[in-house]
Amino acid sequence: MDTDLLKYLHSDSVILNFKAKNKRSIISSLLDRLIEVKKVNKNDKKEILKVVLQREEMGSTAIGGYIALPHARLSQIKDVVVCLAIAKKGIDFESLDDEPVNVIVLLLSNQKEAGLHLKALAHLAKLLRDKLFIQQLKNVNSEDEAMSLILKQQTVLK
Amino acid sequence: MKKIEKELVINNSQGLHARPAAIFVQIANSFDSAIKIEKDGEIVDGKSIIAILSLGVSKGTKVKLIAEGADSERAFMDLKSFLESDND
């Protein structure tokens with residue numbers, strides 16, 4: 001896989017000790033962070049939140065294994081934008097296996113980037129299907145530690 | 001145990017992204033047979049959404065569908081028709 005997650009995920013978009021009540025507030029918090037670091041325009045939040053939640057309505061992106069990959073393709077997004085939230089204590093995301101999630105990765109791609117979007121999803125799936133990696137990621141103590149762990153995992157997979 | 005394996009071409013316009021992968025797994029899980037998908041020499045469990053997603057299968061991609069078990073024939077036919085139809 002030639003996709004590099006770290007090209008789109010930066011330490012300013014990693015949230016540790018993440019807490020939220022439900023799906024809507026989870027996505028909303030992740031979008032707030034992306035707005036804060038200027039990767040998403042504040043005026044687009046409402047529409048993006050709506051589209052991501054509509055996607056969730058069709059079937060939860062918490063596909064088991066303590067992870068959720070909410071995602072959408074939108075005209076308001078340039079290229080690919082990623083935000084990572086880590087919750088030591090699992091959060092309810094209406095997952096397919098009814099388990100709470102510890103790792104949430106919000107993936108937003110430009111409307112026209114169907115190929116890149118699928119590649120990014122595939123890359124994320126490759127990284128996150130490793131249960132030991134999820135355990136380690138869940139227990140990091142800093143954003144930089146999360147970033148270097150992802151870098152290490154990417155290197156192993158190459 | 002009867003094993004069926006054949007190459008086919010994915011016809012979903014957006015490829016095997018999260019939603020079709022979830023539906024595929026749902027269909028696969030309704031059979032007792034072991035289901036596998038092979039792409040470029042990599043074989044993954046056809047009953048795991050994340051494993052299927054990790055293949056990054058786009059429209060027009062050739063994959064090998066493998067079904068092995070007592071109900072492999074029915075499983076293969078159902079999954080084949082799902083993969084070859086455009087349900088997006």
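Keep in mind it's a predicted model, so treat the numbers as computed, not measured. Proteins come first, then strands; the chains are lettered A, B, ... in the order of their sequence lines, and each starts at number 1.
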Can you confirm whether more than 12 heavy atoms, excluding those of [X], are under 6.0 Å from its [atom1] atom?
X: A:K88; atom1: NZ; value: yes
X: B:K39; atom1: NZ; value: yes
X: B:E73; atom1: CD; value: no
X: A:Y66; atom1: OH; value: no

Segment of [X] engaging chain A (4.5 angstrom heavy-atom cut-off):
X: B:I23; result: neither
X: B:V57; result: backbone
X: B:E42; result: side chain
X: B:A51; result: both

| message | For a 4.5 angstrom cut-off between non-hydrogen side-chain atoms, does B:L53 reach A:L124? | response | no
| said: Could you check whether any side-chain heavy atom of B:V44 comes within less than 4.5 Å of a side-chain heavy atom of A:R129, counting everything from C-beta outward? | reply: yes
| query | Which salt bridge (charged side-chain N to carboxylate O under 4.0 Å, His left out) pairs, counting each pair once, include a residue from residues 96-117 of chain A, with sequence neighbours left out? | reply | none
| What residue pairs, at least two apart or across chains, pass salt bridge (charged side-chain N to carboxylate O under 4.0 Å, His left out) with a residue in residues 41-65 of chain A? |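 Sorted pair list: A:K23-A:E56, A:D32-A:K45, A:E47-A:K50.
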| Full working for side chain to side chain contact (heavy atoms under 4.5 Å, CB included) between A:R73 and B:Q14 | CA-CA 12 Å; A:R73 284 192 291 132; B:Q14 307 293 333; 2.8 Å; yes
If Ile, Leu, Val, Met, Phe, Trp and Tyr residues are connected whenever their side-chain heavy atoms lie under 4.5 Å apart, and connections chain through other members, are [X] and [Y] in the same group?
X: A:L84; Y: A:I15; value: no
X: A:I27; Y: A:V103; value: no
X: A:I134; Y: A:V105; value: yes
X: A:L16; Y: A:L6; value: yes
X: B:F31; Y: B:F82; value: yes

| task | Give me the contact list for residues 33-40 of chain A versus chain B, heavy atoms only, anything under 4.5 Å, ordered by residue number. | result |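 Against chain B, none of the residues of residues 33-40 of chain A fall inside the cut-off of heavy atoms under 4.5 Å.
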Is it the side chain or the backbone of [X] that comes within 4.5 Å of chain B heavy atoms, both, or neither?
X: A:I67; value: side chain
X: A:H71; value: side chain
X: A:L69; value: side chain

| said: Rounded at 0.5 Å granularity, tell me how far OG in B:S54 sits from CG in A:D130. | reply: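 Spacing of OG (B:S54) from CG (A:D130) equals 12.0 Å.
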| field | Distance (rounded to the nearest 0.5 Å) between A:L128 CG and B:I50 CD1 | value |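 So the CG of A:L128 and the CD1 of B:I50 are separated by 5.5 Å.
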| Set of residues satisfying salt bridge (Lys or Arg N to Asp or Glu O under 4.0 Å) with respect to B:D45, sequence neighbours excluded | none
| Between A:L118 and B:L16, is a side chain to side chain contact (heavy atoms under 4.5 Å, CB included) present by the stated rule, with each step listed? | CA-CA 8 Å; A:L118 186 67; B:L16 267 188; 5.8 Å; no
